[in-house]
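Note sheet for the following structure.
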Amino acid sequence: MKIATWNVNSVRQRQVLVADWLERVQPDVLLLQEIKCEAHQFPADTFEALGYTAHVVGQKSYNGVAVLSRRPVELRETKLPGLSDPEPPARYIEVEADGLIIGNLYLTNGNSGGEAGFQNKLEFFDALACRAETLLRADADFLFAGDYNVCPTERDLAPGALSATDALVRPESRAAFRRLLWLGLTDAVRALHPDENCYTFWDYQAGAWNRDLGIRIDHALLSPRVAERLAAAAPDRDERAKPQPSDHVPVLMELG
DNA sequence: ATGGCCGGGGAGCCCGGA
């Protein structure tokens with residue numbers, strides 16, 4: 001089973017690139033973040049023509065997540081349980097496919113909105129950890145994948161790619177990520193590639209791509225039995241070199 | 001040392017259709 005996650009930075013701008021990638025790579029499930037549109041604006045026809053059905057949690061202007069699947073998928077949640085905001089931004093969707101629960105998340109960046117904006121990021125992490133505990137207690141097979149907006153360690157960013165005070169590298173952000181690992185979840189890409197950069201994002205600015213000033217912020221965390229099935233996991237760097245790319249590349253994993 | 005890029009939304013304008 002091939003599952004991928006991709007922050008596409010507007011699905012309408014990126015639909016040709018996404019469709020091309022789907023045709024070549026043929027994932028069973030593709031998790032999209034930052035689709036930047038409402039559900040009725042989602043280019044579902046483009047993907048249906050390739051055999052993929054869409055579940056969309058959209059929002060005008062910013063945010064928005066979606067799941068594309070060529071296997072039967074059951075929609076479970078359209079927002080992350082446990083958030084204090086009863087109408088949170090469109091940043092989480094949870095589905096089940098072949099007995100596997102898949103949480104698709106787009107975590108707050110945390111650099112805007114001052115300290116309140118950063119606390120909002122930590123609250124999302126808290127709710128995600130609670131969700132993980134709930135699913136672990138239920139003995140469910142699950143994974144949480146998407147844009148975590150955290151470089152977990154110093155290995156996960158090129159020197160000089162971010163300031164030391166950036167919300168993506170702040171100790172509280174990293175501690176929140178580690179809490180998920182300590183619950184027993186496995187960082188799929190890092191587990192298989194301990195010594196490679198595996199960057200997933202290069203800023204549009206400052207020639208970051210040409211200078212390889214990348215960061216690793218798109219992750220897939222696997223529950224224990226799912227981790228036992230892990231056969232491959234890596235970002236697809238080539239997508240960043242395409243014309244008019246997203247600033248993120250897809251991260252593809254394969255489960256046996 | 002600094003800035004360098006994208007996206008959507010909407011204002012404002014132009015255009016085409018009624």
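Below, all heavy atoms of this structure are taken into account, side chains as well, without hydrogens, waters or symmetry copies. Here is the naming used below: chain letters follow the sequence lines, and residue numbers restart at 1 for every chain.
No single ILVMFWY cluster, assembled from side-chain heavy atoms under 4.5 Å apart, contains both A:Ile217 and A:Trp209.
Side chain to side chain, A:Gln59 and A:Arg91 fail the donor-acceptor criterion of an N or O pair below 3.5 Å. One side chain, A:Thr153 or A:Asp156, offers a donor N or O that lies under 3.5 Å from an acceptor on the other. Donor-acceptor pairing under 3.5 Å is recorded for the side chains of A:Tyr204 and A:Asn9.
Look at A:Lys2 and A:Asp28 and you find no salt bridge, because none of the NZ, NE, NH1 or NH2 atoms lies under 4.0 Å from a carboxylate O. A:Lys242 has a carboxylate O that lies under 4.0 Å from a charged side-chain N of A:Glu239, or vice versa, which qualifies the two as a salt bridge.
Of the possible donor and acceptor atoms, none in the side chain of A:Lys79 sits under 3.5 Å from a partner among the backbone N and O of A:Pro88.
Chain A approaches DNA chain B within less than 4.0 angstrom (heavy atoms of the protein), and the contacting nucleotides run 5' to 3' from B:dG4 to B:dG10.
The aromatic rings of A:Phe144 and A:Tyr92 sit perpendicular to each other, their planes meeting at more than 60°, with 30° as the lower class boundary.
Contacts of A:Gln205 with the nucleic acid, taken as non-hydrogen atoms under 4.0 Å apart, include base atoms.
For the strand DNA chain B, secondary-structure stems (runs of at least three Watson-Crick or G-U pairs, all distances below 3.5 Å) are absent.
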